[in-house]
Amino acid sequence: MRLSNFYLFTKKENPSDAYLASHKLMVRSGMIKQVATGIYSWLPMGLMVLNKIKEVVVEHHVKSNINEMLMPTIQSADIWKKSGRFNDYGKEMLKIKDRHNNDLLYGPTNEEMITDIISDDLKSYKDLPKLLFHVQWKFRDEVRPRFGIMRCREFLMKDAYSFDLDYDSAFFAYCKMFGLYMKIFKTLGLKVIPVRAESGPIGGALSHEFILESNEGESDIYYDNRLLNISIDQVNLDNKAEIKEYYEAVTNLYSCTSDKHEELNFNKNVPKDNQKLSKGIEVGHIFYFGTKYSELLNANFTNNNGKEALIHSGSYGIGISRLVGAIIEANYDEKGIIWPKEVSPFQLGLINVRNDNQVSLNFCESYYNNNASNFKILYDDRNARIGEKLNNMDLLGIPVQIIVGEKNLVNQNLEIKDRKTGKVNLVNIEKLQSYLSDNYEF
RNA sequence: CGGUGCGUAGCGCAGCCUGGUAGCGCACUAGUCUGGGGGACUAGGGGUCGUAGGUUCAAAUCCUGCCGCACCGACCA
């Protein structure tokens, strides 16, 4: 992408209404623009990142044989009246009336709707188990939205739903999703702590939150830091024994939200050196709620004895739009954003030191033209001053920058700058390709 | 929903107390000089001062309602 063709308008100054670094940086880097309290437009740069994260999450689900589908944002109130949540959900639910005066709502979540769908289809124990997910915009009319995209009213969420014939089977689904989440967050380059949690208005007995540690987080957590040593890498999510072993190894160690915290148990079960008290951002939340919605919405099947039984279900959410902010919180410095390679909208930033220099201009043009199909390159082709280009590229957080100036070009050299370390290496033009592939995974 | 504060150019702000030609920095346009970390100079363009009403010869400024935004609290993914 040539900057001259890109709808990207960055700002030198911070917005006055932003508090969190991630919020300031998202506005400054032209990713989002606020529309109303807790509602944002995603500009091209922001949408690229959002889509990258979504892609990672979707791929992991699809690989695990979880089927992607799509439910609408607007829902009929009927099923919510059946489940009792039309009133119970409270003012956070945005209620709408259509022209026929029917009650509609902008979905805050989809348990009712998915249960209504599967209750028509899953009729026999032979149809179970099943897992479905979608990525869709949600609306929760928060009392006080804040922190930009981190806690907004309209947000993009991946929600998955599991359907099983009994507790044992449902528990396996829960463990599998637990492991899948750990893999997803690891892929995104995030250190995420799974903690026991309250299930809130979703309901149900078994629930875990996934917390990205951050000083700016809103959740307080207590955990045994030995759980960080347990790796998900080698665990096969489809192998019941393996995944349960992993789940138990992790959840046997103390780890919970402040709601669930018991100081006595913490001290009794966790050696002092391993006790960790920390804050973080909730980026995922999973629930097993048994037959709660099946009962309310009549989702039953015929078991192998010919008897009717209720479907056991669970739901599993990841805040996709929140992750954009959360990832920035975990990856920035005083210059700007530092995107992990998995979510960076571009792989390479290309900077021409002087546009009026024929030597560097020729090189940049031909490099870009020859490589734009191999790499995602953001080429700053503006006739701007070098300082502006460098600062701008740092702000945008693209992992690797190629800085092209005549001074180095006459010696057949380019500057390759690593955004994260700030280190600049002179690299021979001939060796550029191998330097990049040796030092970076694309 | 309670408490506090704010709304003036695309962004960040001053002016308001004490009413009298709407200002500054950044950004933008043109030109000149510059040229390795948001450069300098010159000349420009852009505002019904959130909105509706009131007071007044005169309102960005004083008064009232409404709308919007932020922060703190309670609540929540």
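By convention in this document, chain letters (A, B, ...) are assigned in the order of the sequence lines, proteins followed by strands, and residues within each chain are numbered from 1.
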Candidates B:C26, B:A74, B:C76 - which lies nearest the side chain of A:E13: B:C26
Proximity to the side chain of A:K12 - top-ranked nucleotide from B:G37, B:C76, B:A27: B:A27
Side chains of A:Y316 and A:H61, donor plus acceptor under 3.5 Å: no
Between B:C76 (P) and A:R140 (CZ): distance, integer Å: 12 Å
Of the listed nucleotides B:C71, B:U34, B:G38, the one nearest the side chain of A:R385: B:U34
Distance-only side-chain donor-acceptor flag, A:D394 / A:Q401, under 3.5 Å: yes
Nucleotide nearest A:D17 (side chain, heavy atoms from C-beta), chosen from B:C72, B:G37, B:A70: B:A70
Interface with RNA chain B, restricted to residues 317-350 of chain A and to heavy atoms under 4.0 Å: A:R322, A:K335
Shortest side-chain distance from A:T37, nucleotide among B:A70, B:G38, B:G36: B:A70
A:H312 side chain to A:Y288 side chain, donor-acceptor N/O pair below 3.5 angstrom: yes
Minimum-distance nucleotide (side-chain atoms of A:K11 versus B:C11, B:G37, B:C75): B:C11
Distance-only polar pair, side chains of A:D159 and A:Y161, donor-acceptor under 3.5 Å: yes
Distance, rounded to the nearest Å, where A:K407 contributes NZ and B:G35 contributes C1': 12 Å
Under 3.5 Å on both distances, the Watson-Crick or G-U partner of B:G38: none
Between A:N391 and A:K335, a side-chain donor and acceptor under 3.5 Å: yes
First of A:N383 and A:K389 reached from the 5' end of RNA chain B, by closest nucleotide: A:N383
Options B:C11, B:C1, B:G36, nucleotide nearest the side-chain atoms of A:V353: B:G36
No-hydrogen, no-angle side-chain donor-acceptor test under 3.5 Å, A:N428 and A:Y435: no
Those residues of residues 18-36 of chain A lying under 4.0 Å from RNA chain B by at least one heavy atom: A:R28, A:Q34, A:A36
Side-chain donor-acceptor pair present, A:E406, A:S360, cut-off under 3.5 Å: no
Rounded distance in Å - CD (A:E218) to C1' (B:A74): 13 Å
Side-chain donor-acceptor pair present, A:E213, A:Y223, cut-off under 3.5 Å: yes
With A:Y367, the side chain to side chain contact (heavy atoms under 4.5 Å, CB included) member among A:L348, A:N352, A:V404: A:L348
side-chain N/O A:S16 vs B:C6 OP1/OP2, d < 4.0 Å: no
Sole residue of A:F185, A:F287, A:F210 in ring pair (Phe, Tyr, Trp, His ring centres under 6.0 Å) with A:F178: A:F210
B:C72 OP1/OP2 closer than 4.0 Å to side-chain N/O of A:R144: yes
Nucleotide of B:C75, B:G35, B:C69 approaching A:V143 most closely (side-chain heavy atoms): B:C75
